[in-house]
Structures are given as C-alpha cells and as structure tokens.
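A quick write-up on the structure given underneath.
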Amino acid sequence: MNEESQVLELFGIPFNVGNCLSGLVSALIVFGLVFWFSRRLQMKPKGKQNMIEWMIDFTNGIVKSSMPDEQGKKYGLLIFTLFLFIFVSNQIGLAIQLPINGVNYIKSPTASPATTLTLAFLVLLLSHLMGVAKFGFKEYVKNSYFSPMPALFPINVLEQFTNFLTLALRLYGNIYSGEVLLTVIYEQLAKSHTPWTYLPAIPLEMIWQGFSVFIGSIQAYVFVTLTMVYISQKVEKE
C-alpha cells in the first residue's frame, strides 16, 4: 500500500483528503443504515427492526458489563454509535476502493493512524471529563492517580499514555495489515499471467476477505469494550 496522499490546507491546517472522505462515507453509511432500520417501528418487531434492536441490545450489553448500574445508561448511545462507525470503517476498504492517479480516496478510515489516534484521544478525553464532572477536579485526581495508594502515582500517569497508544495502534495495526495483505495477494498473484498463480489467488483472496471481516468486527468490539472500561475507571470509585 504505497499510494500517495492528497493533502489540502485549510486555515493553515493540513487535511488528508482520503482520510476525511473515507470517514465521511463511513458516517453516511451508518446514518443511512440506522435511518432505514428505524423507519416504521412496530410494537411487535420484525425484519429490519429486529436487526437494529439486536444491535442496540448488543451494545447495551457492552455497557452493562463495565457499568451495570443506572449510571451506565447514559453511555448507551455513545457506544452504539461508536461501534457502528468503527465496524463500518473497518469493512469499507474491503468493498470500496477509489484510486485516482495513485491516490486512494476511499479506503478503510481505520487503516490510517490519524483516524485511530483521533478516536482514541476523544475517548480518553471524554473519560477524563466525565470523571471531573462527577467528582470535581480534586477528587478526580485522587481517584484516578492516587488510588489505591499514592505510591502508584507514576504508574497511573504512565498508564494514561499507554492506554491511549494501545487503543489506537491495536485498531490501526489490525486493519492496516489486513488491507496490505489483500493488496499483496491481488498485485502479486492475481495480476500474474500464469494460471497456476492467479487461479489460487481467487479463493485465497476470498478467504482473507472473510477473515478480515471477522477481524474488523472483533476490533470494533474490543475498541468499544475498552472505551467503557476506561470511562468506568474515571467515574467509579476505586
């Protein structure tokens, strides 16, 4: 995956067009799916209504596993939206590619570290803000950095940085490596003119496509699960 990047500057801030466009497409797909699934709701669900209710129950289960009390209900919509966006972002590069003059304008947004680092930063920033909002700044600092004992302060500070990096790079590494391997299979095997190389490439790429869908789903689940874990650490007493 050696494609170039198209970067535009707006008010002196550089923007990667491919990342922004891919993220916008993922957001529009999520909005379109939820809008379609939620039309004509009935007391006795069936068809597409069953699907969206299953997704809501699934993400609510993630919230309850980390924060089982009434306080966790306020995070249901956050986790539902975040899961769907990351899930679609992980899969979009498997179905849609838009390379123009060596620049890939549509790909998996989460195959870029800029996207995953941004998502991880927003998640951890939210967790800290929620902690301050609940306990006040002084009690938040005590609960987050000096519990269960003051001697752990340096480790607790370091943990904030490691949480940020691991949350972002785990997602990025899995999605990026999957797209790299698919590209290698296609370029090195499928473009070959000898049948004993491009014929095996067809089932091999299909198998890896299916495996990539599985990995993308798992990574979306892991990301939102860790999101709830980090939030619960900041809003609950140690």
Side-chain angles (χ1 to χ4, degrees), residues 1-3 5 16 18-20 22-23 25-27 29-30 55 58-67 72 75-76 78-97 104 106-131 144-145 154-185 207-236:
M1 298 180 66
N2 297 318
E3 71 268 6
S5 298
N16 187 309
N19 290 346
C20 295
S22 298
V25 170
S26 296
I29 291 175
V30 170
M55 289 188 293
F58 176 74
T59 53
N60 284 344
I62 297 174
V63 174
K64 291 177 182 178
S65 65
S66 299
M67 205 178 297
Y75 302 105
L78 168 68
I79 297 303
F80 173 76
T81 306
L82 192 60
F83 176 81
L84 287 186
F85 177 76
I86 294 176
F87 175 79
V88 171
S89 296
N90 291 349
Q91 314 298 346
I92 192 174
L94 303 176
I96 305 173
Q97 295 283 334
N104 197 353
I106 301 294
K107 57 183 180 179
S108 292
T110 45
S112 167
T115 301
T116 59
L117 287 168
T118 301
L119 288 173
F121 176 77
L122 291 176
V123 163
L124 293 176
L125 178 63
L126 175 65
S127 68
H128 289 287
L129 291 176
M130 296 303 295
S144 298
Y145 300 101
I155 297 177
N156 288 333
V157 171
L158 180 62
E159 185 182 29
Q160 308 308 311
F161 295 98
T162 58
N163 287 345
F164 167 66
L165 290 176
T166 55
L167 188 63
L169 298 182
R170 179 190 296 108
L171 178 59
Y172 160 68
N174 280 277
I175 305 306
Y176 178 77
S177 61
E179 292 200 356
V180 166
L181 188 53
L182 283 173
T183 302
V184 170
I185 294 173
I207 291 172
W208 191 254
Q209 286 263 9
F211 184 67
S212 295
V213 170
F214 173 74
I215 292 297
S217 305
I218 293 297
Q219 290 305 313
Y221 172 77
V222 170
F223 193 97
V224 296
T225 299
L226 290 177
T227 295
M228 278 310 306
V229 169
Y230 297 150
I231 291 176
S232 67
Q233 288 175 346
K234 296 297 180 293
V235 301
E236 294 184 336

Are any side-chain N or O atoms of [X] and backbone N or O atoms of [Y], one a donor and one an acceptor, separated by less than 3.5 Å?
X: S108; Y: G93; answer: yes
X: S65; Y: I62; answer: yes
X: S112; Y: P109; answer: no

Check: Who passes ring pair (Phe, Tyr, Trp, His ring centres under 6.0 Å) against Y172, sequence neighbours left out?
Finding: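 Residues passing ring pair (Phe, Tyr, Trp, His ring centres under 6.0 Å) with Y172: Y176.
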Taking C-beta and beyond as the side chain, do [X] and [Y] meet within less than 4.5 Å on heavy atoms?
X: V123; Y: L82; value: yes
X: K234; Y: L129; value: no
X: Q160; Y: Y145; value: yes
X: T166; Y: L226; value: no

Item checked: Sole candidate of N163, T225, V235 that passes side chain to side chain contact (heavy atoms under 4.5 Å, CB included) when paired with Y230 ->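 Passing option: N163.
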Notebook entry, point to check: Counting only heavy atoms not in F58, do more than 12 sit closer than 6.0 Å to its CZ atom?
Noted result: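 Enclosed.
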Note to self: Tell me whether F164 at atom CZ has more than 12 heavy atoms from other residues, nucleotides or ligands lying less than 6.0 Å away.
What the structure shows: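 Yes, because the 6.0 Å sphere around CZ of F164 holds more than 12 heavy atoms from other groups.
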Check: Can you list the residues that meet the side-chain contact (heavy atoms from CB on, under 4.5 Å) rule with F161, with sequence neighbours excluded?
Finding: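 side-chain contact (heavy atoms from CB on, under 4.5 Å) check on F161 returns V157.
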Next item on the list: Give the minimum heavy-atom separation between A168 and L117, together with the two atoms involved.
Entry: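 It is CB-CD2, 3.5 Å.
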Margin query: Hydrogens and angles aside, do N90 and T110 bring a side-chain donor and acceptor to less than 3.5 Å of each other?
Written below: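 Yes, side-chain donor-acceptor contact under 3.5 Å.
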With rounding to the nearest 0.5 Å, note down the distance linking [atom1] in [X] to [atom2] in [Y].
X: I155; Y: L158; atom1: CD1; atom2: CG; value: 8.0 Å
X: L171; Y: T115; atom1: CG; atom2: OG1; value: 9.0 Å
X: S144; Y: E159; atom1: OG; atom2: CD; value: 10.0 Å

